[in-house]
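The first residue in the sequence is number 1, and the count goes up from there.
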Amino acid sequence: MAEEDNEFLSLSDLESELDSIPIPMFFDRNRHICYLEMMLELLPSPYQSQEINRLTLAYFVVCGLDILRSLDRVDKEGVINWVLSLQAHPQDEADLSNGQFYGFHGSRSSQFQPNDYGNALPNCSHLASTYCALSILKTLGYDFSLLDSMSIIKSMKNLQQHDGSFMPIHSGAETDLRFVYCAAAISSMLENWSGIDKEKAKEYIINCQSYDGGFGLTPSSESHGGATFCAVASLRLMGLIEDDILSKNVSSCFINMPLLLDWCLQRQATTDGGFQGRLNKATDTCYAFWVGGVLKILGAHKLIDHEGLRKFLFTCQSQYGGFGKTPEQLPDLYHAYYGFCAFSLLEEPDLNSICTELGTTIGPVQLL
(Lines give C-alpha, C1' and ligand atoms only; values in the text may rest on other atoms or scores of the structure.)
Protein backbone atom coordinates (compact mmCIF):
# COMPACT_ATOMS: atom_id res chain seq x y z
CA MET A 1 0.00 0.00 0.00
CA ALA A 2 2.83 2.42 0.79
CA GLU A 3 4.27 1.94 -2.67
CA GLU A 4 0.84 2.52 -4.24
CA ASP A 5 0.29 5.72 -2.23
CA ASN A 6 3.51 7.14 -3.59
CA GLU A 7 2.08 6.93 -7.08
CA PHE A 8 -0.39 9.74 -6.27
CA LEU A 9 0.48 13.43 -6.15
CA SER A 10 -0.77 15.71 -3.39
CA LEU A 11 -2.72 18.81 -4.41
CA SER A 12 0.28 21.04 -3.72
CA ASP A 13 2.53 18.75 -5.75
CA LEU A 14 0.00 18.78 -8.60
CA GLU A 15 -0.11 22.58 -8.55
CA SER A 16 3.68 22.66 -8.65
CA GLU A 17 3.65 20.30 -11.61
CA LEU A 18 1.16 22.53 -13.45
CA ASP A 19 3.12 25.68 -12.63
CA SER A 20 6.22 24.07 -14.09
CA ILE A 21 4.54 23.65 -17.49
CA PRO A 22 6.11 26.30 -19.73
CA ILE A 23 3.81 28.89 -21.27
CA PRO A 24 3.76 28.19 -25.03
CA MET A 25 5.23 30.93 -27.24
CA PHE A 26 2.59 30.35 -29.89
CA PHE A 27 -1.13 31.00 -29.99
CA ASP A 28 -2.50 27.87 -28.28
CA ARG A 29 -5.90 27.84 -29.99
CA ASN A 30 -7.00 24.37 -28.83
CA ARG A 31 -6.29 25.17 -25.21
CA HIS A 32 -8.19 28.46 -25.51
CA ILE A 33 -11.19 26.58 -26.93
CA CYS A 34 -11.13 24.17 -23.98
CA TYR A 35 -10.94 27.10 -21.56
CA LEU A 36 -14.01 28.78 -23.08
CA GLU A 37 -15.94 25.49 -23.26
CA MET A 38 -15.31 24.98 -19.56
CA MET A 39 -16.53 28.52 -18.81
CA LEU A 40 -19.61 27.93 -20.95
CA GLU A 41 -20.63 25.00 -18.78
CA LEU A 42 -19.62 26.08 -15.28
CA LEU A 43 -18.12 29.33 -14.01
CA PRO A 44 -15.57 29.08 -11.19
CA SER A 45 -16.58 30.39 -7.76
CA PRO A 46 -14.60 33.68 -8.04
CA TYR A 47 -17.17 34.78 -10.63
CA GLN A 48 -19.98 34.68 -8.06
CA SER A 49 -19.64 38.41 -7.43
CA GLN A 50 -20.17 38.97 -11.17
CA GLU A 51 -23.53 37.19 -11.29
CA ILE A 52 -25.28 40.46 -12.13
CA ASN A 53 -23.11 40.56 -15.29
CA ARG A 54 -23.81 37.01 -16.41
CA LEU A 55 -24.87 38.21 -19.88
CA THR A 56 -21.53 39.99 -20.31
CA LEU A 57 -19.66 36.83 -19.31
CA ALA A 58 -21.70 34.88 -21.85
CA TYR A 59 -20.73 37.49 -24.47
CA PHE A 60 -17.05 36.86 -23.80
CA VAL A 61 -17.51 33.10 -24.14
CA VAL A 62 -19.80 32.95 -27.18
CA CYS A 63 -18.10 35.69 -29.18
CA GLY A 64 -14.72 34.33 -28.11
CA LEU A 65 -15.55 30.91 -29.53
CA ASP A 66 -16.65 32.66 -32.70
CA ILE A 67 -13.25 34.37 -33.06
CA LEU A 68 -11.63 30.96 -32.47
CA ARG A 69 -13.79 29.47 -35.24
CA SER A 70 -15.49 27.10 -32.78
CA LEU A 71 -19.03 28.39 -32.64
CA ASP A 72 -20.21 24.82 -33.28
CA ARG A 73 -19.48 24.13 -29.58
CA VAL A 74 -22.40 26.39 -28.59
CA ASP A 75 -26.02 25.29 -28.16
CA LYS A 76 -27.24 28.13 -30.37
CA GLU A 77 -30.97 27.67 -29.79
CA GLY A 78 -30.54 27.34 -26.05
CA VAL A 79 -28.36 30.45 -25.77
CA ILE A 80 -30.65 32.50 -28.03
CA ASN A 81 -33.72 31.59 -25.96
CA TRP A 82 -31.90 32.45 -22.73
CA VAL A 83 -30.75 35.84 -24.04
CA LEU A 84 -34.23 36.70 -25.35
CA SER A 85 -35.73 35.86 -21.95
CA LEU A 86 -33.68 38.69 -20.41
CA GLN A 87 -35.27 41.50 -22.45
CA ALA A 88 -37.47 43.98 -20.60
CA HIS A 89 -40.79 44.63 -22.33
CA PRO A 90 -43.14 47.60 -21.88
CA GLN A 91 -46.74 46.86 -21.02
CA ASP A 92 -47.93 49.19 -23.75
CA GLU A 93 -46.75 51.91 -26.14
CA ALA A 94 -47.18 54.61 -23.48
CA ASP A 95 -44.52 52.96 -21.32
CA LEU A 96 -41.88 53.86 -23.90
CA SER A 97 -42.19 57.48 -22.81
CA ASN A 98 -42.08 56.88 -19.05
CA GLY A 99 -38.33 57.49 -18.85
CA GLN A 100 -37.32 53.86 -18.48
CA PHE A 101 -35.14 51.80 -20.81
CA TYR A 102 -36.47 48.57 -22.30
CA GLY A 103 -33.29 46.75 -23.20
CA PHE A 104 -31.78 43.61 -21.68
CA HIS A 105 -31.12 42.69 -18.08
CA GLY A 106 -27.62 41.57 -17.13
CA SER A 107 -28.86 38.42 -15.43
CA ARG A 108 -31.91 36.79 -13.93
CA SER A 109 -31.13 38.37 -10.56
CA SER A 110 -31.75 41.88 -11.94
CA GLN A 111 -34.97 40.78 -13.62
CA PHE A 112 -37.52 41.32 -10.88
CA GLN A 113 -40.52 39.04 -11.04
CA PRO A 114 -44.12 40.27 -10.57
CA ASN A 115 -45.39 40.15 -7.01
CA ASP A 116 -48.88 39.63 -5.62
CA TYR A 117 -49.37 43.20 -4.41
CA GLY A 118 -49.42 45.14 -7.66
CA ASN A 119 -46.43 47.24 -6.63
CA ALA A 120 -44.37 48.97 -9.31
CA LEU A 121 -41.26 46.95 -9.96
CA PRO A 122 -37.88 48.44 -10.90
CA ASN A 123 -36.64 47.91 -14.45
CA CYS A 124 -32.89 47.38 -14.35
CA SER A 125 -32.18 46.74 -18.02
CA HIS A 126 -28.81 48.21 -18.94
CA LEU A 127 -27.13 49.63 -22.07
CA ALA A 128 -24.00 47.50 -21.68
CA SER A 129 -26.07 44.34 -21.17
CA THR A 130 -28.10 45.24 -24.26
CA TYR A 131 -24.91 45.65 -26.31
CA CYS A 132 -23.76 42.19 -25.14
CA ALA A 133 -27.17 40.61 -25.80
CA LEU A 134 -27.39 41.95 -29.35
CA SER A 135 -23.78 40.93 -30.05
CA ILE A 136 -24.53 37.37 -28.95
CA LEU A 137 -27.75 37.19 -30.96
CA LYS A 138 -26.08 38.61 -34.07
CA THR A 139 -23.13 36.25 -33.72
CA LEU A 140 -25.49 33.26 -33.45
CA GLY A 141 -27.40 34.33 -36.57
CA TYR A 142 -30.67 35.35 -34.91
CA ASP A 143 -33.15 37.08 -37.20
CA PHE A 144 -33.45 40.60 -35.80
CA SER A 145 -36.79 41.10 -37.55
CA LEU A 146 -38.21 38.84 -34.82
CA LEU A 147 -36.79 41.05 -32.06
CA ASP A 148 -38.71 43.80 -30.27
CA SER A 149 -36.12 46.32 -31.44
CA MET A 150 -38.39 49.36 -31.46
CA SER A 151 -38.82 49.18 -27.69
CA ILE A 152 -35.05 49.31 -27.36
CA ILE A 153 -34.55 52.19 -29.78
CA LYS A 154 -37.47 54.36 -28.64
CA SER A 155 -36.71 53.98 -24.94
CA MET A 156 -32.97 54.51 -25.46
CA LYS A 157 -33.78 58.17 -26.16
CA ASN A 158 -34.68 58.44 -22.48
CA LEU A 159 -31.06 57.77 -21.52
CA GLN A 160 -29.37 60.53 -23.55
CA GLN A 161 -28.55 63.61 -21.48
CA HIS A 162 -28.57 67.28 -22.49
CA ASP A 163 -24.78 67.26 -22.98
CA GLY A 164 -25.01 64.31 -25.40
CA SER A 165 -23.80 61.64 -22.98
CA PHE A 166 -25.78 58.55 -22.00
CA MET A 167 -26.73 56.93 -18.71
CA PRO A 168 -26.71 53.11 -18.78
CA ILE A 169 -30.01 52.79 -16.87
CA HIS A 170 -32.92 55.15 -16.45
CA SER A 171 -31.95 56.69 -13.10
CA GLY A 172 -29.17 57.03 -10.57
CA ALA A 173 -26.18 56.20 -12.76
CA GLU A 174 -23.03 57.85 -14.05
CA THR A 175 -22.67 59.16 -17.59
CA ASP A 176 -19.55 58.77 -19.72
CA LEU A 177 -18.15 57.64 -23.08
CA ARG A 178 -18.69 53.95 -22.38
CA PHE A 179 -22.42 54.37 -22.69
CA VAL A 180 -22.21 56.65 -25.72
CA TYR A 181 -20.36 53.76 -27.34
CA CYS A 182 -22.97 51.22 -26.23
CA ALA A 183 -25.75 53.38 -27.69
CA ALA A 184 -23.87 53.75 -30.99
CA ALA A 185 -23.14 50.02 -31.19
CA ILE A 186 -26.78 49.14 -30.42
CA SER A 187 -28.00 51.55 -33.09
CA SER A 188 -25.55 50.11 -35.60
CA MET A 189 -26.51 46.50 -34.94
CA LEU A 190 -30.23 47.31 -35.13
CA GLU A 191 -29.65 49.54 -38.19
CA ASN A 192 -31.75 52.27 -36.61
CA TRP A 193 -30.27 55.59 -35.46
CA SER A 194 -33.48 57.26 -34.34
CA GLY A 195 -32.70 56.57 -30.67
CA ILE A 196 -29.61 58.79 -30.53
CA ASP A 197 -29.00 62.45 -31.28
CA LYS A 198 -25.73 62.02 -33.17
CA GLU A 199 -24.84 65.73 -33.17
CA LYS A 200 -25.13 65.95 -29.39
CA ALA A 201 -23.16 62.73 -28.99
CA LYS A 202 -20.49 64.09 -31.33
CA GLU A 203 -20.15 67.27 -29.27
CA TYR A 204 -19.81 65.25 -26.06
CA ILE A 205 -17.08 63.12 -27.62
CA ILE A 206 -15.20 66.22 -28.83
CA ASN A 207 -15.36 67.66 -25.31
CA CYS A 208 -13.77 64.49 -23.93
CA GLN A 209 -10.56 64.82 -25.97
CA SER A 210 -7.74 65.84 -23.67
CA TYR A 211 -4.82 68.21 -24.26
CA ASP A 212 -2.52 65.24 -24.95
CA GLY A 213 -4.69 63.78 -27.75
CA GLY A 214 -6.33 60.88 -25.93
CA PHE A 215 -9.89 60.82 -24.59
CA GLY A 216 -11.07 60.72 -21.00
CA LEU A 217 -14.29 59.06 -19.93
CA THR A 218 -15.76 62.49 -19.23
CA PRO A 219 -14.75 66.03 -20.22
CA SER A 220 -11.55 67.26 -18.50
CA SER A 221 -10.64 63.79 -17.22
CA GLU A 222 -7.40 61.89 -17.80
CA SER A 223 -6.86 60.22 -21.17
CA HIS A 224 -7.56 56.48 -21.02
CA GLY A 225 -7.18 53.68 -23.55
CA GLY A 226 -10.69 52.32 -23.10
CA ALA A 227 -12.29 55.75 -23.27
CA THR A 228 -10.28 56.58 -26.39
CA PHE A 229 -11.55 53.42 -28.07
CA CYS A 230 -15.14 54.28 -27.11
CA ALA A 231 -14.75 57.77 -28.59
CA VAL A 232 -13.14 56.76 -31.89
CA ALA A 233 -15.29 53.65 -32.43
CA SER A 234 -18.46 55.64 -31.74
CA LEU A 235 -17.50 58.27 -34.29
CA ARG A 236 -16.76 55.55 -36.83
CA LEU A 237 -20.06 53.74 -36.18
CA MET A 238 -21.98 57.00 -36.52
CA GLY A 239 -20.30 57.67 -39.85
CA LEU A 240 -18.65 60.85 -38.57
CA ILE A 241 -15.12 59.77 -39.43
CA GLU A 242 -13.99 57.64 -42.33
CA ASP A 243 -12.24 54.30 -42.11
CA ASP A 244 -8.45 54.57 -42.46
CA ILE A 245 -8.81 58.33 -42.02
CA LEU A 246 -5.06 58.97 -41.69
CA SER A 247 -4.62 58.14 -45.36
CA LYS A 248 -6.96 61.04 -46.19
CA ASN A 249 -6.95 64.76 -45.44
CA VAL A 250 -7.19 65.10 -41.65
CA SER A 251 -6.64 68.87 -41.44
CA SER A 252 -10.38 69.55 -41.46
CA CYS A 253 -11.24 66.79 -38.95
CA PHE A 254 -13.10 68.00 -35.85
CA ILE A 255 -10.81 66.03 -33.49
CA ASN A 256 -7.05 66.45 -33.24
CA MET A 257 -5.86 63.43 -35.23
CA PRO A 258 -2.06 64.03 -35.05
CA LEU A 259 -2.18 64.33 -31.24
CA LEU A 260 -4.47 61.28 -31.01
CA LEU A 261 -2.12 59.19 -33.15
CA ASP A 262 0.89 60.30 -31.08
CA TRP A 263 -0.87 59.48 -27.79
CA CYS A 264 -1.87 56.00 -28.98
CA LEU A 265 1.58 55.11 -30.31
CA GLN A 266 3.18 56.23 -27.06
CA ARG A 267 1.08 53.71 -25.16
CA GLN A 268 3.16 50.81 -26.52
CA ALA A 269 5.98 50.16 -24.09
CA THR A 270 9.50 49.75 -25.46
CA THR A 271 10.40 47.51 -22.51
CA ASP A 272 8.02 44.59 -23.17
CA GLY A 273 6.01 45.49 -26.30
CA GLY A 274 2.64 45.61 -24.56
CA PHE A 275 0.18 48.49 -24.39
CA GLN A 276 -0.69 50.52 -21.31
CA GLY A 277 -4.04 52.21 -20.79
CA ARG A 278 -2.67 55.39 -19.25
CA LEU A 279 0.62 57.20 -18.83
CA ASN A 280 2.94 55.63 -16.22
CA LYS A 281 0.77 52.51 -15.86
CA ALA A 282 1.75 48.88 -16.36
CA THR A 283 1.11 47.17 -19.67
CA ASP A 284 -2.02 45.02 -19.78
CA THR A 285 -3.44 42.45 -22.20
CA CYS A 286 -6.73 44.25 -22.84
CA TYR A 287 -5.11 47.44 -24.12
CA ALA A 288 -3.62 45.53 -27.02
CA PHE A 289 -7.21 45.72 -28.26
CA TRP A 290 -8.45 48.99 -26.78
CA VAL A 291 -5.50 51.05 -28.02
CA GLY A 292 -4.55 48.72 -30.87
CA GLY A 293 -8.15 48.89 -32.05
CA VAL A 294 -8.04 52.68 -32.22
CA LEU A 295 -4.91 52.47 -34.36
CA LYS A 296 -6.64 49.90 -36.57
CA ILE A 297 -9.65 52.18 -37.14
CA LEU A 298 -7.36 55.12 -37.90
CA GLY A 299 -5.35 53.07 -40.40
CA ALA A 300 -2.19 53.17 -38.27
CA HIS A 301 -1.97 49.60 -36.98
CA LYS A 302 1.03 49.02 -39.24
CA LEU A 303 2.99 51.55 -37.17
CA ILE A 304 3.08 49.43 -34.02
CA ASP A 305 5.74 46.89 -33.11
CA HIS A 306 3.79 43.75 -34.04
CA GLU A 307 6.47 41.29 -32.97
CA GLY A 308 6.99 43.02 -29.64
CA LEU A 309 3.24 42.95 -28.98
CA ARG A 310 2.98 39.27 -29.86
CA LYS A 311 5.79 38.41 -27.45
CA PHE A 312 4.12 40.37 -24.66
CA LEU A 313 0.76 38.67 -25.25
CA PHE A 314 2.44 35.25 -25.20
CA THR A 315 3.77 36.00 -21.71
CA CYS A 316 0.17 36.70 -20.61
CA GLN A 317 -1.17 33.51 -22.20
CA SER A 318 -2.07 30.94 -19.55
CA GLN A 319 -1.15 27.28 -19.60
CA TYR A 320 -4.81 26.68 -18.67
CA GLY A 321 -6.03 28.58 -21.73
CA GLY A 322 -7.12 32.19 -21.90
CA PHE A 323 -5.09 35.25 -20.96
CA GLY A 324 -4.32 37.00 -17.72
CA LYS A 325 -4.13 40.74 -17.24
CA THR A 326 -0.35 40.65 -16.95
CA PRO A 327 2.33 37.94 -17.14
CA GLU A 328 1.95 35.09 -14.63
CA GLN A 329 -1.58 36.09 -13.61
CA LEU A 330 -4.40 33.56 -13.82
CA PRO A 331 -6.68 33.92 -16.85
CA ASP A 332 -10.06 35.63 -16.70
CA LEU A 333 -12.79 35.93 -19.32
CA TYR A 334 -12.38 39.67 -19.85
CA HIS A 335 -8.66 39.55 -20.64
CA ALA A 336 -9.02 36.27 -22.50
CA TYR A 337 -11.56 37.78 -24.88
CA TYR A 338 -9.58 40.91 -25.60
CA GLY A 339 -6.46 38.82 -26.00
CA PHE A 340 -8.25 36.91 -28.76
CA CYS A 341 -9.37 40.22 -30.30
CA ALA A 342 -5.79 41.51 -30.21
CA PHE A 343 -4.49 38.41 -31.98
CA SER A 344 -7.25 38.75 -34.57
CA LEU A 345 -6.04 42.30 -35.27
CA LEU A 346 -2.53 40.84 -35.60
CA GLU A 347 -3.98 38.48 -38.25
CA GLU A 348 -3.19 35.30 -36.37
CA PRO A 349 -3.89 32.24 -38.60
CA ASP A 350 -7.04 30.18 -37.88
CA LEU A 351 -8.85 33.10 -36.25
CA ASN A 352 -11.83 34.95 -37.64
CA SER A 353 -11.33 38.63 -38.44
CA ILE A 354 -13.21 41.04 -36.21
CA CYS A 355 -15.01 44.27 -36.94
CA THR A 356 -12.85 46.48 -34.74
CA GLU A 357 -15.43 49.13 -33.92
CA LEU A 358 -17.99 46.55 -32.75
CA GLY A 359 -15.50 44.19 -31.13
CA THR A 360 -17.06 41.12 -32.77
CA THR A 361 -16.77 39.27 -36.07
CA ILE A 362 -20.07 40.74 -37.28
CA GLY A 363 -19.60 44.11 -38.95
CA PRO A 364 -21.97 47.09 -39.04
CA VAL A 365 -23.81 48.59 -41.93
CA GLN A 366 -21.44 51.36 -42.98
CA LEU A 367 -22.84 54.89 -43.09
CA LEU A 368 -20.02 56.22 -45.26
Side-chain angles (χ1 to χ4, degrees), residues 14-15 17-47 50 53-83 132-142 274 284-286 288-290 292-293 306 309-356 358-363:
L14 180 59
E15 290 175 341
E17 288 280 336
L18 289 172
D19 289 339
S20 68
I21 299 173
I23 297 173
M25 296 302 285
F26 62 90
F27 187 82
D28 199 343
R29 177 174 171 271
N30 289 333
R31 194 166 297 193
H32 294 316
I33 293 170
C34 290
Y35 170 75
L36 290 183
E37 279 194 289
M38 178 178 67
M39 295 295 173
L40 186 64
E41 296 299 325
L42 182 66
L43 288 173
S45 58
Y47 284 98
Q50 292 295 313
N53 297 317
R54 186 178 289 268
L55 191 53
T56 302
L57 300 177
Y59 160 77
F60 292 143
V61 174
V62 173
C63 295
L65 286 169
D66 185 34
I67 293 173
L68 297 172
R69 297 183 179 177
S70 298
L71 204 54
D72 59 317
R73 315 295 178 98
V74 177
D75 174 8
K76 294 182 181 180
E77 183 178 356
V79 172
I80 286 172
N81 289 336
W82 174 71
V83 171
C132 291
L134 296 179
S135 296
I136 293 171
L137 293 173
K138 202 169 184 69
T139 296
L140 296 179
Y142 182 71
D284 178 332
T285 295
C286 68
F289 172 74
W290 294 128
H306 286 225
L309 180 57
R310 287 174 64 85
K311 287 180 179 178
F312 170 76
L313 291 171
F314 284 143
T315 66
C316 299
Q317 183 174 233
S318 171
Q319 64 263 44
Y320 310 114
F323 289 84
K325 177 178 180 177
T326 56
E328 300 182 2
Q329 284 201 5
L330 288 172
D332 64 82
L333 280 172
Y334 172 84
H335 289 93
Y337 183 72
Y338 290 113
F340 304 151
C341 288
F343 269 104
S344 178
L345 293 182
L346 290 168
E347 299 181 354
E348 178 71 21
D350 298 322
L351 295 185
N352 282 327
S353 298
I354 63 169
C355 165
T356 309
L358 280 180
T360 64
T361 64
I362 308 300

> Kindly compute the distance separating OH (Tyr47) from CG (Leu57), expressed to the nearest 0.5 Å.
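Here the interatomic distance stands at 7.0 Å.
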
> Between Leu140 and Leu71, is any pair of side-chain heavy atoms under 4.5 Å apart?
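Result yes, sub-4.5 Å side-chain heavy-atom pair found.
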
> Quick check: do Arg69 and Leu351 have side-chain heavy atoms less than 4.5 Å from each other?
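No. Closest side-chain heavy atoms not under 4.5 Å.
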
> What distance separates Arg73 CZ from Leu65 CG, expressed to the nearest 0.5 Å?
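One gets 8.0 Å once the value is rounded to the nearest 0.5 Å.
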
> Given the rule in the side chain to side chain contact (heavy atoms under 4.5 Å, CB included) test, do Thr285 and Thr326 qualify, once you have shown the distances and angles that lead to the verdict?
CA-CA 6 Å; Thr285 295; Thr326 56; over 6 Å; no

> Looking only at non-hydrogen atoms, find the nearest pair between Ile67 and Ser344 and report the distance.
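Nearest heavy atoms, Ile67 then Ser344: CG2-CB, 4.4 Å.
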
> I want to check something: taking the side chain as every heavy atom from C-beta on, are Leu43 and Leu333 in contact at a cut-off of under 4.5 Å?
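In contact.
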
> Kindly list each side-chain donor-acceptor pair under 3.5 angstrom involving residues 334-342, sequence neighbours excluded, with atom names and distances?
{"unit_1": "Tyr334", "atom_1": "OH", "unit_2": "Trp290", "atom_2": "NE1", "d": "2.9"}
{"unit_1": "His335", "atom_1": "ND1", "unit_2": "Asp332", "atom_2": "OD1", "d": "3.1"}
{"unit_1": "His335", "atom_1": "ND1", "unit_2": "Asp332", "atom_2": "OD2", "d": "2.9"}
{"unit_1": "His335", "atom_1": "NE2", "unit_2": "Asp284", "atom_2": "OD1", "d": "3.2"}
{"unit_1": "Tyr337", "atom_1": "OH", "unit_2": "Gly359", "atom_2": "O", "d": "2.5"}

> Where is the tightest heavy-atom contact between Gly274 and Leu309, given as atom of each residue plus distance?
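Taking Gly274 first and Leu309 second, the nearest heavy atoms are CA-CD1, 4.2 Å.
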
> Please identify each residue that fulfils salt bridge (charged side-chain N to carboxylate O under 4.0 Å, His left out) with Arg310, with sequence neighbours left out.
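Partners of Arg310 by the salt bridge (charged side-chain N to carboxylate O under 4.0 Å, His left out) criterion, ordered by chain and then number, come out as Glu348.
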
> Identify the two heavy atoms, one from Val62 and one from Thr139, that lie closest to each other, and give their separation to 0.1 Å.
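Heavy atoms only, the tightest pair is CG1-CG2, 4.5 Å.
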
> Examine Phe323 together with Phe314 and report whether their ring centres are nearer than 6.0 Å.
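No.
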
> CG/Leu36 to CG/Leu68 distance, rounded to the nearest 0.5 angstrom?
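Output value for this atom pair is 6.0 Å.
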
> For the atom pair CG (Asn30) and OG (Ser70), what is the distance rounded to the nearest 0.5 Å?
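Interatomic distance, Asn30 CG to Ser70 OG, rounded to 0.5 Å: 8.0 Å.
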
> Looking at side-chain heavy atoms only, is the closest gap between Ile354 and Thr360 below 4.5 Å?
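No, side chains not in contact.
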
> So which heavy atom on Pro331 is nearest to which on Tyr320, and how close?
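For Pro331 versus Tyr320, the nearest heavy atoms are CD-CD1, 4.2 Å.
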
> Less than 3.5 Å apart, any donor N or O on the side chain of Thr361 or Asp66 sitting next to an acceptor on the other?
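Yes, a side-chain donor-acceptor pair sits under 3.5 Å.
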
> How far does NZ of Lys138 sit from SG of Cys355, to the nearest 0.5 angstrom?
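One gets 10.0 Å once the value is rounded to the nearest 0.5 Å.
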
> Just so I know, are the side chains of Gln319 and Arg31 near enough to count as touching, which here means a heavy-atom distance under 4.5 Å?
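With C-beta onward as the side chain, the pair touches.
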
> What's the shortest heavy-atom distance between Ala133 and Leu55, and which atoms?
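Heavy atoms only, the tightest pair is CB-CD2, 3.7 Å.
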
> Counting only heavy atoms not in Arg29, do more than 12 fall under 6.0 Å of its CZ?
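Counting other residues, nucleotides and ligands, CZ of Arg29 exceeds 12 neighbours.
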
> Is the backbone N or O of Asp28 less than 3.5 Å from a side-chain atom of Gln317, with the two atoms forming a donor-acceptor pair by type?
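Present.
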
> Measuring from atom CZ of Phe27 to atom CG of Leu346, what distance do you get when rounded to the nearest 0.5 angstrom?
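Phe27 atom CZ to Leu346 atom CG measures 10.5 Å (nearest 0.5 Å).
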
